[in-house]
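Bear in mind that the values here come from a model prediction, so they are computed numbers and not experimental data.
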Amino acid sequence: AISLAGELKTYIQEGPAGVSILCFCGGFVTTFVGLIGLFNLSGMLFSPFNYLLDAYLCTFGVVTVLLEADVETVKTMSL
């Protein structure tokens, strides 16, 4: 019963693998959309709020990718 509770706790913390993969891909897309907006330098002058929103999107897209990345795979990667 204790091992079942541990497995349930792990499943709740990690969630289903399919959802994790979708969130990981969503983080990449969010980062990409934010970067496209950041490369529009005229937007900084004419629409500073949208430029700030693109910086926010880019930042939290990267955070999403880092949080959803598979820990075992990241450990084997070299930067």
Side-chain angles (χ1 to χ4, degrees):
I2 293 174
S3 65
L4 179 63
E7 288 180 23
L8 181 63
K9 179 181 176 185
T10 302
Y11 180 76
I12 290 172
Q13 285 179 344
E14 293 179 6
V19 173
S20 181
I21 291 170
L22 285 175
C23 290
F24 185 76
C25 293
F28 268 122
V29 171
T30 304
T31 303
F32 181 71
V33 169
L35 285 174
I36 288 174
L38 287 177
F39 285 133
N40 181 12
L41 296 178
S42 65
M44 188 184 332
L45 298 174
F46 299 115
S47 182
F49 178 74
N50 284 341
Y51 198 78
L52 184 65
L53 184 62
D54 289 329
Y56 175 85
L57 281 172
C58 187
T59 301
F60 285 99
V62 170
V63 169
T64 301
V65 167
L66 292 175
L67 288 176
E68 293 297 330
D70 183 32
V71 176
E72 298 302 321
T73 304
V74 173
K75 283 182 183 178
T76 61
M77 296 173 71
S78 62
L79 297 175

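Residue Leu52 is found outside any hydrophobic cluster, as its side-chain heavy atoms come under 4.5 Å of no other Ile, Leu, Val, Met, Phe, Trp or Tyr. Chaining together hydrophobic side chains whose heavy atoms lie under 4.5 Å apart places Leu66 alongside Val62. Hydrophobic side-chain contacts under 4.5 Å tie Ile36 into a cluster, directly or through other members, with Phe32.
Applying the side chain to side chain donor-acceptor pair (under 3.5 Å) rule to Thr59 yields no partners; only residues at least two apart in sequence or on another chain are considered. Scanning for side chain to side chain contact (heavy atoms under 4.5 Å, CB included) contacts around Ala55 gives Leu38, with sequence neighbours left out. The side chain to side chain donor-acceptor pair (under 3.5 Å) test applied to Ser42 returns Asn40, not counting sequence neighbours. Shown here are the side chain to side chain contact (heavy atoms under 4.5 Å, CB included) partners of Cys25, two or more places apart in sequence or in another chain: Ile21.
Note on residues 37-56: pairs passing ring pair (Phe, Tyr, Trp, His ring centres under 6.0 Å), not counting sequence neighbours, are Tyr56-Phe60.
Screening Val63, Val65, Thr64 for a side chain to side chain contact (heavy atoms under 4.5 Å, CB included) involving Leu67 leaves a single residue, Val63.
When all heavy atoms are compared, the tightest approach of Thr30 to Leu57 is CG2-O, 3.4 Å. For the residue pair Thr31 and Cys58, the shortest heavy atom distance occurs at OG1-O, 3.9 Å.
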